[in-house]
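Here the structure comes first, spelled out in structure tokens, and everything after it is commentary.
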2 protein chains.
Amino acid sequence: MTATISREQQLNEAEAACLRRGAKLTPLRRQVLDLILASDSPVGAYALLDRLKADRPGAAPPTVYRALDFLLEHGLIHKVERLNAFIGCTESGHGHGHDHDHPHQFLICRRCGATVEIADHAVADAIAAAATRAGFTAVEATVEIEGICARCGTA
Amino acid sequence: MTATISREQQLNEAEAACLRRGAKLTPLRRQVLDLILASDSPVGAYALLDRLKADRPGAAPPTVYRALDFLLEHGLIHKVERLNAFIGCTESGHGHGHDHDHPHQFLICRRCGATVEIADHAVADAIAAAATRAGFTAVEATVEIEGICARCGTA
DNA sequence: GGCGTCACGATATAGTATCACGCGACGTGA
DNA sequence: TCACGTCGCGTGATACTATATCGTGACGCC
Ligand SMILES: [Zn+2]
Ligand SMILES: [Zn+2]
Ligand SMILES: [Zn+2]
Ligand SMILES: [Zn+2]
């Protein structure tokens, strides 16, 4: 399990997921997603724009933001608020496909910048309980944990 | 308990807390903190700047960002990442003073924008446990829960 | 063919945050 | 008393992030 999936394969799965939802993963959107998946840490919109310009000289901020909006909307990527950057969703292709908005948390390494997505039920439950206790109806939660990753901690 | 504290009193407590830490709550910093406490929802840096300009025509972005950095560093305010805005820490004056960096979470109402800080131990513990399980050393966590507040939910 | 929707190009602008330089106030020790 | 370092802040420029607006061509539908 947790076998490494090729980017090509991820893209194809994403395309299929979009079709199931009645949406289209156009070449542009596919390319932006590919650029995000190709990076091992979260990528900023303007970094994407720069890379995009190599292929599409006419690309401008709205070009990339529109693609990002689409990918976010369909759960193919997430935004890391602390970094103003975007990262591919790793919960796809592991059984339950792309939820539109599944509970997730990020572990962000201060030293190397590596950011991994986890989906911890205990955290999600504790958050839901805390919200309820405060008379609050939780819809979604941003959880971004900063610290030192295993690789950097043992080095 | 949880008696309402006047802003004046909060400011004086903040000043005392700074002194204890060997820092100075200068008039400028005090004024920025006052503006933040005066708002019932998180305030953006440029909104603060506009209000600051009434008193200090020369104020510029660095003026407010330097004050914000100081206030953040000393735990007097927090940043709400989802909103790019700042809010006073409500854990002060309730016994344990201003921790430099205490665990906290935000409940952000989608309808009215009201944002309240909570300090739920179960959430903090669940996050610490999840991080440990992943071999990650957590240092601090951003937790921002979006939904509908009690007031808006019952209306 | 007329029409609505959608994806995208293109230009401009808004909103958020930092850099770099300088200067005066203050404390400290020679 | 003076040289020196630190700190707080003024000031101008710049970088970085995100959105508004208008136009146009492709496509599906009737
Ligand atoms: Zn995900
Ligand atoms: Zn690391
Ligand atoms: Zn607080
Ligand atoms: Zn509300």
Side-chain angles (χ1 to χ4, degrees), chain A residues 14-15 18-19 21-36 39 41-74 76-87 113 142 144, chain B residues 14-15 18-19 21-36 39 41-74 76-87 113 142 144:
Chain A
E15 187 149 21
C18 284
L19 277 178
R21 295 169 55 94
K24 283 194 304 183
L25 190 66
T26 64
L28 172 61
R29 292 164 177 172
R30 187 186 177 102
Q31 189 176 357
V32 170
L33 178 55
D34 188 35
L35 287 171
I36 292 172
S39 170
S41 46
V43 208
Y46 281 72
L48 289 170
L49 179 54
D50 284 345
R51 294 174 205 174
L52 205 54
K53 275 180 178 164
D55 261 24
R56 298 174 183 258
T63 311
V64 58
Y65 278 102
R66 283 193 285 234
L68 290 171
D69 285 345
F70 175 90
L71 298 171
L72 286 169
E73 202 175 325
H74 294 285
L76 299 170
I77 64 171
H78 298 296
K79 178 172 184 182
V80 185
E81 299 285 347
R82 287 180 75 103
L83 307 176
N84 292 319
F86 304 85
I87 189 172
T142 297
E144 298 176 0
Chain B
E15 187 149 21
C18 285
L19 277 179
R21 295 168 55 93
K24 282 194 305 184
L25 190 65
T26 64
L28 172 62
R29 291 164 177 172
R30 187 185 178 101
Q31 189 176 358
V32 170
L33 178 55
D34 188 34
L35 287 171
I36 292 172
S39 170
S41 47
V43 209
Y46 280 72
L48 289 170
L49 179 55
D50 284 344
R51 295 174 204 174
L52 206 54
K53 276 180 178 165
D55 261 26
R56 298 174 183 259
T63 310
V64 57
Y65 277 102
R66 284 192 284 233
L68 290 171
D69 285 345
F70 175 89
L71 297 171
L72 285 168
E73 202 175 327
H74 293 285
L76 298 170
I77 63 171
H78 298 295
K79 178 172 184 183
V80 185
E81 299 285 349
R82 288 179 76 103
L83 307 176
N84 293 319
F86 303 85
I87 190 172
T142 297
E144 298 176 0

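In what follows, every chain begins at residue 1, and chains take the letters A, B, ... in the order their sequences are listed.
Counting only heavy atoms from C-beta on, Pro61(B) has its side chain closest to dT18(C) among dT18(C), dT11(D), dG9(C). Nearest to the side-chain atoms of Arg56(A) among the listed nucleotides dT11(D), dG8(D), dG9(C) stands dG9(C). Among dA12(C), dT11(D), dT16(C), the nucleotide with an atom closest to any side-chain atom of Tyr65(B) is dT16(C). Minimum atom distance to the side chain of Asn84(A) is reached by dA18(D), of the listed dA18(D), dT16(C), dC9(D). Checked against dC19(C), dC8(C), dG8(D), the side chain of Pro62(B) finds its nearest nucleotide in dC19(C).
Atom pair Leu49(A):CG and dA18(D):C1' shows a separation of 12 Å (rounding to whole Å applied). Rounded to a whole Å, the CG atom of Leu28(B) is 6 Å from the P atom of dG10(D). Here dC9(D) presents its P atom at 12 Å from CG of Leu68(B), a figure rounded to the nearest Å. Going from atom CG of Asp69(A) over to atom C1' of dA7(C) covers 13 Å, rounded to whole Å. Atom CG in Leu83(A) sits about 14 Å away from atom C1' in dC16(D), given to the nearest Å. Nucleotide dC16(D) holds its C1' atom 16 Å from the CD atom of Glu81(A), rounded to whole Å. Nucleotide dA18(D) holds its C1' atom 13 Å from the CG atom of Leu72(A), rounded to whole Å. Atom CZ in Phe70(A) sits about 12 Å away from atom P in dC6(C), given to the nearest Å.
Put simply, Thr63(A) has a side-chain N or O that comes within less than 4.0 Å of OP1 or OP2 on dG9(C). Considering only side-chain N and O atoms, Lys79(A) lies under 4.0 angstrom from the phosphate OP1 or OP2 of dA18(D).
Among the protein residues, Arg66(A) comes within range of the nucleic acid bases, having at least one heavy atom under 4.0 Å from a base atom.
A donor-acceptor pair under 3.5 Å is formed between the side chain of Thr63(A) and the backbone N or O of Ala60(A). Of the possible polar contacts, one joining the Glu144(A) side chain to the Glu81(A) backbone as a donor-acceptor pair under 3.5 Å is found. No side-chain donor-acceptor contact under 3.5 Å links Arg29(B) to the backbone of Leu71(B).
Aromatic stacking is marked for Tyr46(B) over dT16(C), as both cut-offs hold: 5.5 Å for the centres and 30° for the planes.
Between Leu76(A) atom CG and Cys18(A) atom SG the span is 5.0 Å, to the nearest 0.5 Å.
When the nearest nucleotides of DNA chain D are assigned to Ala85(A) and Thr26(B) by heavy-atom distance, the more 5′-ward of the two goes with Thr26(B).
Taking 4.5 Å as the limit, some side-chain heavy atom of Lys79(A) sits within range of a side-chain heavy atom of Asn84(A).
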